[in-house]
Amino acid sequence: MTEPLLTVDGLTVRTGTGRELVSGLAFEIAPGERLGLIGESGSGKSLTTLAVLGLLPAGMTVTGSVRLDGTQIVGASEKTLVGVRGRSAAVVFQEPLTALDPLMRVGKQIAEPLRRRRDLKGTALKAAVVDLLEQVRLPEPDRIARAFPHEISGGQRQRVALAMALACDPALLVADEPTTALDVTVQAEMLDLIDGLVRDRGMAVLFVSHDLAVVAKVTDRVLVMKDGRAVESGAVTDVVRAPREAYTRALVDSARQLEAALDLDLGDAR
Amino acid sequence: MKRRSSLTLWTGAVFAGLVVLLALVSLFWLPYDSDDTSGGRLTGPGGGHLLGTDKLGRDLFTQLMTGSRIALQAGLGSVAVAALLGVTLGLLAAFAQGWFDDTLSALLDILIAFPTLLLAMLIVAARSATLGSAILAIGLAQSAVVARLTRILVKRVLAQDYITASRTSGTTWPRIVAGHVLPNMWPTLAVNLALQFGLAVLAEAGLSYLGLGAPPPNASWGRMLQEAQATFTTAPAGALAPGVLLVLLVIGVNLVADGLRDVLDPTARKDRAAA
């Protein structure tokens, strides 16, 4: 068996006052594997992703171990972290409004990681930016590259954020609720896009969401979190078909109910 | 709305520009020597003297012109001191966090609680009454305001996802500050600095009025006001002229600041990116 890309063991995050927000979390992600992290808001999902990248806000204390691509993240110096980030992992956030610098043209923002990671310049850099914009299926990549973030739609901004994450060509893509702020049709397109791009590149994914259906669509395995603890984990199909824990069952049931409501409406319409 | 904001900007630029023009011309040409007292004391406007003369017989317009130089020097110098010191301190405080941030914030609050003029008077009194110490004093007092604003602006920018995204892609802090933080706080900071310029001009006039600004052979507007005060009823031009110019400059700069706010707003720059 190959060595996992990401190994989290006994990860505990505390606030400055000592309250535990994440407790003794442990999971692994193999190269190319996709893990879904699911749980209600406040369950510690986002904190976990930040801890994985060594990005926790000052004042929080982390104990345990996070090994990303062979480097220990917990307690690492900023210099080590700068080296690991981007090369090993990149992130897409929830909110497309704040994910891009409002004063910088889209193309320049994508060019930033490209120039640093791939050492591209001039026309090669421009071509790479347009290429990335095409890969995330944005129309008129030349125009988008020259636009400011407020001039494109939320869905387009989220695609740009994805392009920026892919520009680093990371081994692990961390997606923190990347579709939550999008409307449903755009959400489905975005999920397909992530699914395809990640498959092409053999990238591993840590996908965070509160929406079971969304996680089920993209990932192979899920880890259910509640109050900072892992409640249940396993293959997506197993967890959905036969949830062992009461909390997971509640999650699955509520997702089913929503779907059933949709079926009912359709039935009436006929 | 766009139209109105550029109107504000232009009106302000014309007002302030008049004073700048006076100052520039004064570098090459003055109607009279600044120590020429041949005009007779307290003559009214006209008769070779555009605005008349002061109580020592010096040409008022000549003094106004040299005074505009001092006003602009005071404004620019103070803002430069305030910006350099304030932005540096603000950045440090925003990044340091913990006790350094707390201590610095407390110090800044104390400094801000002091009226600018009072603080400047203390500093000028401790040094000597020259234009240099007035500029330094006003700049120091204003740097506290700029530092506190910078600290808040930096913290607000740092909390944005694009900073985190930039860090995850492995960008170093200096690059993040130069590439994202400074450009994003610049619009707000620029407007504030323009306002500070107006305040600095007023503060210098106040110090000069109290005899703590540029020393006598230099004609500062503040000192002209003070000297003309006693003879206001007989020769009102001596007090009105520097007062009007002072108001013109300060209002002009404030209007420019107001116009800048709209011009620097990225969402208003549609015309540049749409092509």
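Letters A, B, ... mirror the listed sequences (proteins, then strands); counts begin at 1. Predicted, not measured: the structure shown is a model, and the values here were computed from it.
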* Asked: When you look at B:W173 and A:E78, which way does the side-chain contact (heavy atoms from CB on, under 4.5 Å) test go after all the steps?
  -> CA-CA 9 Å; B:W173 276 121; A:E78 183 71 21; 3.5 Å; yes

Q) Can you tell me if B:H180 and A:E112 form a side-chain donor-acceptor pair at under 3.5 Å? A) yes

So A:P102 and B:Y162, do their side chains get closer than 4.5 Å, heavy atoms only? yes

Taking atom NZ of B:K155 as the centre, does the number of heavy atoms from other residues, nucleotides or ligands within less than 6.0 Å exceed 12? yes

Scanning both residues in full, the closest heavy-atom pair of B:P183 with A:L103 reads O-CD1, 2.9 Å

Output for pair (A:L55 CG, B:I163 CD1), nearest 0.5 Å, gives 12.0 Å

One should read off an interatomic distance between B:I176 CD1 and A:D101 CG, to the nearest 0.5 angstrom, of 11.0 Å

Interatomic distance, NZ@A:K79 vs OG1@B:T172, rounded to 0.5 Å, equals 12.0 Å

Greatest number of non-hydrogen atom pairs under 4.5 angstrom with chain A, of B:T171, B:D161, B:T164, B:V157, falls to B:D161

Review point. So with a 6.0 Å cut-off around CZ of B:F114, is the heavy-atom count from everything else above 12?
Key: no

Under 4.5 Å to a heavy atom of chain B? For A:L100 that would be backbone

Distance col, row A:M164:CE vs B:S166:OG, nearest 0.5 angstrom, shows 6.5 Å

